[in-house]
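Working notes for the structure below.
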Amino acid sequence: MIAYAMNDQALPMVNGFPCASSCLVGMETYWVKALSDISVLPKAFSNFWTDNAYRIPSGPNGTESPKDLAKDTVPINRFNVRSIFVRPDPDETLHPEMPNEIEGIAFDSGHGIKRVEVSTDGGDTWTDARLDSEIGKYSCDAGGASWTPRDRGQYRLMARATNAIGETQSQGQWNRSGFMWNVIQQVDVKVG
């Protein structure tokens, strides 16, 4: 895709004026910000970034072991299901007996987010969050959950999303490049 305008205005310099190119294949890792020329190649482009760097293990969830690195890798090609906190901020101090909104966003590779759960006790119990609105095919505003902490102290809040085909965030995941990270999100807050 070649972009020359944004919101019916000339493309701003920060976005690649006069034209910007984006390769709409997979995860947008092979994008070029400012476009100066185009070359048509007779075969797939080959360099360090495409052959080695932007690749993930071909197994489920892009996971491998540090002791047994995957031999078979593929280009990054999709998003894992994931949710992240928008509010509260890490290390934010909340007040006991005062209602708080836990807010976030969730996304996946285009199947749609079916459920987001929130834990306010470090994962011992989980409550469904409100799903407010879909933000395009790949994400939704997780809306949030109301939480009124009763006691002072440290709390670990956690969020996990599940998409429409049953994929959910993992308890643990590792690959050599850190791509497709989708471990259950955590944020520590103080009530005081």
Side-chain angles (χ1 to χ4, degrees), residues 1-3 15-16 20-35 38-86 89-90 102 104-119 121-126 128-129 131 134-142 156-188:
M1 176 174 73
I2 298 174
N15 295 102
S21 171
S22 180
C23 182
L24 297 176
V25 177
M27 288 261 309
E28 300 288 328
T29 55
Y30 310 117
W31 60 275
V32 177
K33 188 165 186 155
L35 179 66
I38 296 175
S39 298
V40 178
L41 303 175
K43 61 182 181 175
F45 184 63
S46 176
N47 71 7
F48 170 78
W49 302 105
T50 58
D51 297 343
N52 300 309
Y54 291 138
R55 299 183 71 83
I56 56 169
S58 61
N61 205 27
T63 299
E64 65 187 338
S65 164
K67 295 178 182 173
D68 184 25
L69 297 177
K71 312 295 183 274
D72 186 29
T73 63
V74 295
I76 300 170
N77 55 49
R78 66 181 184 92
F79 286 117
N80 282 354
V81 63
R82 184 160 178 218
S83 63
I84 57 175
F85 285 101
V86 173
D89 291 327
I102 299 171
I105 189 167
F107 53 88
D108 81 332
S109 61
H111 299 289
I113 299 298
K114 179 175 121 182
R115 180 181 197 191
V116 175
E117 299 165 281
V118 174
S119 173
D121 57 12
D124 290 338
T125 60
W126 295 87
D128 283 336
L131 298 181
E134 190 175 285
I135 306 171
K137 177 180 174 183
Y138 297 93
S139 62
C140 75
D141 179 353
R156 173 158 289 164
L157 308 182
M158 300 172 76
R160 69 178 173 208
T162 302
N163 68 11
I165 62 168
E167 296 171 331
T168 191
Q169 288 179 260
S170 60
Q171 295 286 341
Q173 179 214 22
W174 188 90
N175 64 53
R176 68 190 97 177
S177 300
F179 294 136
M180 298 179 67
W181 182 256
N182 80 332
V183 173
I184 294 171
Q185 178 74 26
Q186 300 178 12
V187 65
D188 292 327

Quick one: are [X] and [Y] in side-chain contact, heavy atoms under 4.5 Å?
{"X": "T168", "Y": "Q171", "value": "no"}
{"X": "E117", "Y": "D128", "value": "yes"}
{"X": "R82", "Y": "M180", "value": "no"}
{"X": "V118", "Y": "L157", "value": "no"}
{"X": "R55", "Y": "F179", "value": "no"}

Spacing of [atom1] belonging to [X] relative to [atom2] belonging to [Y], to within rounding of 0.5 Å:
{"X": "M158", "Y": "Q169", "atom1": "CE", "atom2": "CD", "answer": "9.5 Å"}
{"X": "I56", "Y": "R176", "atom1": "CD1", "atom2": "CZ", "answer": "11.0 Å"}
{"X": "N52", "Y": "S46", "atom1": "CG", "atom2": "OG", "answer": "8.5 Å"}
{"X": "I105", "Y": "Q185", "atom1": "CD1", "atom2": "CD", "answer": "12.0 Å"}
{"X": "I184", "Y": "S170", "atom1": "CD1", "atom2": "OG", "answer": "7.0 Å"}
{"X": "N163", "Y": "H111", "atom1": "CG", "atom2": "NE2", "answer": "6.0 Å"}

For N61, side-chain hydrogen bond (donor to acceptor under 3.5 Å, both in side chains) partners two or more places apart: N80, N182
Those residues that, when tested against R156, pass side-chain hydrogen bond (donor to acceptor under 3.5 Å, both in side chains) (two or more places apart): Q186, D188
Test side chain to side chain donor-acceptor pair (under 3.5 Å) applied to S119 and D121, step by step: CA-CA 6 Å; S119 173; D121 57 12; 2.8 Å; yes
Closest contact, heavy atoms only, V116 versus A161: CG2-CB, 4.0 Å
Atom of N47, atom of W49 and distance for their closest heavy-atom approach: OD1-N, 2.9 Å
Qualifying residue, where the test is side-chain contact (heavy atoms from CB on, under 4.5 Å) with P57 and the options are T63, N175, L69, D72: N175
Criterion side-chain contact (heavy atoms from CB on, under 4.5 Å) on T162 and V81, from CA distance to verdict: CA-CA 7 Å; T162 302; V81 63; 5.8 Å; no
